[in-house]
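Encoded as structure tokens, the structure appears first; notes follow it.
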Amino acid sequence: SEGESRMRDNEKKTVAKARALRRRMTKAEIILWQSLRRGQLDGHHFRRQVPVGPYIADFACAKAKLIVEVDGATHAEDDELAYDARRTEFLAAHGWALCRVNNLEVYENLSGVLEGISIELRQAHHG
């Protein structure tokens with residue numbers, strides 16, 4: 001049907017956008033990815049720039065259904081806050097927990113950020 005083909009087109013666009021974002025990760029995302037990749041955090045497998053519905057998660061652990069978002073300074077405007085709220089609502093409705101960190105935290109307190117993610121993973125794991 002036309003609706004299905006439009007949905008497939010949208011999925012293809014989301015996947016293409018995710019691939020592009022993987023090539024253009026921010027400095028903070030790169031730093032955090034170095035600590036999340038290859039199961040380095042408590043053996044949990046994370047993927048980066050993962051399509052989840054119409055959105056793209058910075059990092060996602062499918063087993064724990066945890067998404068980690070790295071926010072820059074731009075997430076303070078009203079329209080961005082509204083977008084983030086809609087996105088969070090969508091992800092929660094699909095069973096995902098969301099852990100937000102900002103660039104500054106990654107630069108200045110990476111071990112604290114990783115500890116926070118680790119706590120979120122344990123909570124997600126034990127429901």
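Keep in mind that the numbers below use all heavy atoms, side chains included, and drop hydrogens, waters and symmetry copies. Note that the numbering runs from 1 along the sequence shown for the chain.
A side-chain donor-acceptor contact under 3.5 Å links Arg37 and Gln34.
Annotation: side chain of Val113 is in contact with side chain of Ile117 (closest heavy-atom distance under 4.5 Å). Between Leu114 and Leu41 there is a side-chain heavy-atom pair separated by less than 4.5 Å. Side chains of Phe90 and Trp96 form no contact here, defined as non-hydrogen atoms less than 4.5 Å apart. In this structure, the side chains of Cys99 and Ile67 stay at 4.5 Å or more apart for every pair of heavy atoms. Residues Arg47 and Phe59 fail the side-chain proximity criterion, which asks for heavy atoms closer than 4.5 Å. Residues Gln49 and Met25 form a side-chain contact, since some pair of their non-hydrogen atoms from C-beta on lies under 4.5 Å apart.
For the salt bridge (Lys or Arg N to Asp or Glu O under 4.0 Å) condition, the pairs that include at least one residue of residues 106-117, sequence neighbours left out, are Glu115-Arg122.
Results of the side-chain contact (heavy atoms from CB on, under 4.5 Å) test with Asn103 over Leu32, Ile31, Val70 single out Val70 as the only residue that passes. Each of Asp71, Leu110, Val106, Asp58 was checked for a side-chain contact (heavy atoms from CB on, under 4.5 Å) with Val101, and the lone residue meeting it is Val106.
At least one donor-acceptor pair under 3.5 Å links the side chain of Arg87 to the backbone N or O of Ile56.
A distance of 8.0 Å separates CD of Glu69 from CD of Glu29, quoted to the nearest 0.5 Å. Note that CZ of Arg48 and CG of Leu36 are 11.5 Å apart. Values are rounded to the nearest 0.5 Å.
Because its NZ or CZ atom is both nearer than 6.0 Å to the ring centre of Tyr107 and within 45° of the ring axis, Lys27 counts as a cation-pi partner of that residue.
Residues forming a side-chain hydrogen bond (donor to acceptor under 3.5 Å, both in side chains) with Asp42 (at least two apart in sequence, or on another chain): Ser118. Annotation: side-chain contact (heavy atoms from CB on, under 4.5 Å) contacts of Asn109 (sequence neighbours excluded): Ser111.
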Is there a side chain to side chain contact (heavy atoms under 4.5 Å, CB included) between Tyr83 and Tyr55? Walk through the geometry before answering.
CA-CA 11 Å; Tyr83 173 84; Tyr55 301 105; 3.3 Å; yes
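The two residues Gln40 and Ser35 come nearest to each other via the heavy atoms CB-O, 3.4 Å. What you find for Ala124 and Ala64 is that their closest heavy atoms are CB-O, 3.3 Å.
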